[in-house]
Undergrad: 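Here it is, the structure, as structure tokens.
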Amino acid sequence: MGKLLIVGSMAFDAIETPFGKTGKILGGAATFIGLAATQFKLRSAIVSVVGEDFPKAYMDILKDRDIDLSGVEVVKGGKTFFWQGKYHNDLNSRDTLATELNTLADFNPIVPDGFADADVVMLGNLHPNIQMSVINQMEERPKLIILDTMNFWMNHTWDELMDVIGKIDVITINDEEARQMTKEYSLVKAAAKIQEMGPKYVVIKKGEHGALLFHENNIFFAPALPLEEVFDPTGAGDTFAGGFAGYLTMAGNISFESMKNAIIHGSNLASFCVERFGTERMVELKKHEVEARLMQFKELTQFNIELT
């Protein structure tokens with residue numbers, strides 16, 4: 001059974017959308033990635049940090065899904081990372097109302113002994129130095145290293161980010177970030193430039209408009225499933241990454257064809273995430289629901305062409 005190592009934040013989120021608002025609820029990149037990855041047959045572990053205020057009930061949600069938490073540091077007297085945001089009516093834009101790094105500010109990741117030989121490493125959106133520290137702790141090079149990042153690190157830690165990008169296999173970023181990173185408006189040109197930086201595979205997320213996968217001269221596009229209701233987009237990108245990494249860990253096959261399937265599985269799981277606030281939908285998600293929606297994806301994307 002393949003091993004997946006997940007590195008990222010475990011956090012409190014407070015969210016407001018046109019459909020309502022929450023108090024502090026379970027969030028964080030590693031949480032969404034981990035919950036999505038549990039839909040696949042694999043062993044997984046999270047490397048993260050929380051404060052003493054992080055409820056045992058939240059830990060139990062992850063433990064009950066057989067996620068190894070031995071790499072999660074609990075800082076005595078510390079406070080957990082907190083993010084608060086308000087989404088606009090289109091749900092594509094939002095205002096950040098509060099960001100409190102708390103224990104994440106001094107995070108020193110320690111890879112658990114049982115996962116220093118992980119097959120796949122999923123580096124969630126964190127400071128590039130933290131991501132590099134994890135890479136350096138691996139006993140041998142994993143079959144696949146996947147990295148997520150954002151414009152904040154491009155603006156403030158460009159050199160460190162480029163060092164990490166030179167050591168990974170797959171990068172997942174959104175279209176705005178791809179354009180910022182490369183100064184190219186065309187996503188095809190942007191992906192080619194990013195591949196020159198190191199990653200063999202480039203995944204560009206386009207939110208409700210799907211995702212693109214680039215490898216050498218090959219391109220694959222997966223649509224997002226049209227949904228009747230979207231309550232909360234928070235964590236959708238991380239859920240996508242968890243589905244993507246989880247499928248590849250289970251498959252044990254690192255190829256362009258396998259990554260096509262991984263993109264679909266990631267998009268499928270992300271479509272559930274947005275149906276409720278925070279992690280609520282992912283916590284209660286059942287296998288038969290996942291399989292039924294995968295068939296919807298198949299019907300949405302498969303067709304026959306008759307050439308005349």
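Side chains are part of it too, since the values below use all heavy atoms of this structure and drop only hydrogens, waters and symmetry mates.
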Undergrad: Kindly indicate, with the supporting measurements, whether the criterion side chain to side chain contact (heavy atoms under 4.5 Å, CB included) is fulfilled by H209 and D175.
TA: CA-CA 11 Å; H209 303 297; D175 47 357; over 6 Å; no
Undergrad: Check the surroundings of atom CD in E140: do more than 12 heavy atoms from other residues, nucleotides or ligands lie under 6.0 Å from it?
TA: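 Not more than 12 within 6.0 Å, no.
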Undergrad: Do F12 and F54 have ring centroids that are under 6.0 Å from one another?
TA: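 Ring-ring flag for F54/F12: true, centres closer than 6.0 Å.
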Undergrad: Would you please test E100 and K79 for salt bridge (charged side-chain N to carboxylate O under 4.0 Å, His left out) and show each step?
TA: CA-CA 9 Å; E100 299 173 9; K79 290 187 176 181; over 6 Å; no
Undergrad: Is the ring pair F244/F240 parallel, tilted or perpendicular, if the boundaries are 30 and 60 degrees?
TA: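 Because their plane-to-plane angle is under 30°, the rings of F244 and F240 count as parallel.
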Undergrad: Output yes when a side-chain donor or acceptor of Q131 lies under 3.5 Å from a complementary backbone atom of G124, and no otherwise.
TA: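 Present.
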Undergrad: Taking all atoms of both residues into account, what is the closest heavy-atom pair of T38 and L35, and its distance?
TA: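 Minimum heavy-atom separation between T38 and L35: OG1-O, 2.6 Å.
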Undergrad: Show which side-chain atoms of residues 19-28 pair as donor or acceptor with protein atoms under 3.5 Å away, not counting sequence neighbours.
TA:
from: T22; atom 1: OG1; to: I15; atom 2: N; distance (Å): 3.1

Undergrad: Are V50 and Y58 packed together at the side-chain level, in the sense that at least one heavy-atom pair is separated by less than 4.5 angstrom?
TA: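 No - every pair of side-chain heavy atoms lies 4.5 Å or more apart.
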Undergrad: Is there a side chain to side chain contact (heavy atoms under 4.5 Å, CB included) between V202 and Q195 once you walk through the steps?
TA: CA-CA 7 Å; V202 177; Q195 287 182 72; 3.7 Å; yes
Undergrad: Is the number of heavy atoms from other residues, nucleotides or ligands within 6.0 Å of CG (D113) greater than 12?
TA: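 No - once you tally the heavy atoms of other residues, nucleotides and ligands closer than 6.0 Å, there are 12 at most.
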Undergrad: Test side chain to side chain contact (heavy atoms under 4.5 Å, CB included) on F152 and N125 and set out the steps.
TA: CA-CA 10 Å; F152 180 85; N125 178 21; over 6 Å; no
Undergrad: Checking S267 side chain against I263 main chain: does a donor-acceptor pair fall under 3.5 Å?
TA: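 Yes, the answer is positive, given that a donor and an acceptor are paired below the 3.5 Å cut-off.
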Undergrad: For a 4.5 angstrom cut-off between non-hydrogen side-chain atoms, does M162 reach D159?
TA: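 A side-chain contact is absent here, since even the closest heavy-atom pair is not under 4.5 Å.
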Undergrad: Testing the basics here: between F81 and S9, what is the closest heavy-atom pair and its distance to 0.1 Å?
TA: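 Nearest pair, atom of F81 first, then S9: CD2-CB, 4.3 Å.
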Undergrad: Can you tell me if T279 uses its side chain to pair, donor with acceptor, with the backbone of M282 under 3.5 Å?
TA: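 Absent.
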Undergrad: Show, in sequence, the C-alpha distance, side-chain angles and deciding distance for E208 and V274, and conclude whether the side chain to side chain contact (heavy atoms under 4.5 Å, CB included) test is met.
TA: CA-CA 11 Å; E208 64 180 320; V274 301; over 6 Å; no
Undergrad: Any heavy-atom pair between the side chains of M181 and W158 that's under 4.5 Å?
TA: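 SC-SC contact between W158 and M181 confirmed.
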Undergrad: With a 4.5 Å limit on heavy-atom distance, are the side chains of L69 and I46 in contact?
TA: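 The answer is yes; the side chains approach within 4.5 Å.
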Undergrad: Report yes or no: do D119 and T249 form a side-chain donor-acceptor pair below 3.5 Å?
TA: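 There is no such pair (donor and acceptor under 3.5 Å, judged by atom type) between the side chains of D119 and T249.
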Undergrad: Please determine whether a side-chain nitrogen of the Lys or Arg among K3 and E139 lies less than 4.0 Å from a carboxylate oxygen of the Asp or Glu.
TA: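 Salt bridge: no.
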Undergrad: Taking the six-membered ring for Trp, are H265 and F40 parallel (under 30°), tilted (30 to 60°) or perpendicular (over 60°)?
TA: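 The rings of H265 and F40 stand perpendicular, inter-plane angle above 60°.
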Undergrad: Thinking salt bridges, do K200 and D169 make one under a 4.0 Å N-O criterion?
TA: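 Salt bridge between K200 and D169, a charged N being under 4.0 Å from a carboxylate O: yes.
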Undergrad: Tell me whether the count of non-hydrogen atoms from other residues, nucleotides or ligands lying under 6.0 Å of CG in N217 goes above 12.
TA: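 At most 12 heavy atoms, drawn from other residues, nucleotides or ligands, come within 6.0 Å of this atom.
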Undergrad: Can you confirm whether the side chains of Q180 and N155 place a donor and an acceptor under 3.5 Å from each other?
TA: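 Their side chains do contain a donor-acceptor pair, which is all the 3.5 Å distance test asks for.
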Undergrad: Does E176 come within less than 4.0 Å of R179, counting only side-chain N to carboxylate O?
TA: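 Looking at E176 and R179, the cut-off is not met.
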Undergrad: May I ask you to check if R276 and F231 form a cation-pi contact, with NZ or CZ under 6.0 angstrom from the six-membered ring centre and within 45° of the axis?
TA: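 No cation-pi geometry.
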Undergrad: Applying the side chain to side chain contact (heavy atoms under 4.5 Å, CB included) test to L126, which of V7, D148, L147 qualifies?
TA: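 It is V7; the other options fail the test.
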Undergrad: Show, in sequence, the C-alpha distance, side-chain angles and deciding distance for D68 and R43, and conclude whether the salt bridge (charged side-chain N to carboxylate O under 4.0 Å, His left out) test is met.
TA: CA-CA 8 Å; D68 187 315; R43 293 176 59 198; 5.6 Å; no
Undergrad: May I ask you to test the N268-Q296 pair for a side-chain heavy-atom distance under 4.5 Å?
TA: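 They are not in side-chain contact.
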Undergrad: Okay, side chain of R65, backbone of V283: is any donor-acceptor separation there less than 3.5 Å?
TA: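 Looks like yes, one N/O pair under 3.5 Å.
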Undergrad: Judged by atom type as modelled, is there a donor-acceptor pair below 3.5 Å linking the side chain of H88 to the main-chain atoms of D90?
TA: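 Not a single qualifying donor-acceptor pair exists.
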Undergrad: Are the side chains of T239 and R281 in contact, using a 4.5 Å heavy-atom criterion?
TA: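 No, their side chains stay 4.5 Å or more apart.
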Undergrad: Please say whether more than 12 non-hydrogen atoms of neighbouring residues, nucleotides or ligands are located less than 6.0 Å from NZ in K193.
TA: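 Buried by this count: over 12 neighbours within 6.0 Å.
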Undergrad: Does T149 reach the side chain of E177, with side-chain heavy atoms less than 4.5 Å apart?
TA: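 When only atoms from C-beta onward are counted, E177 and T149 do not touch, as no gap falls below 4.5 Å.
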Undergrad: Looking at every non-hydrogen atom in both residues, tell me the closest pair between K76 and E52 and how far apart they are.
TA: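 That closest heavy-atom pairing would be C-OE1, 3.7 Å.
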Undergrad: Under 6.0 Å from the CG atom of N89, do we count more than 12 heavy atoms belonging to anything else shown?
TA: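 12 or below, so no.
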Undergrad: If you define the side chain from C-beta out and look only at heavy atoms, does anything of V170 sit under 4.5 Å from V203?
TA: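 Yes. Closest side-chain heavy atoms under 4.5 Å.
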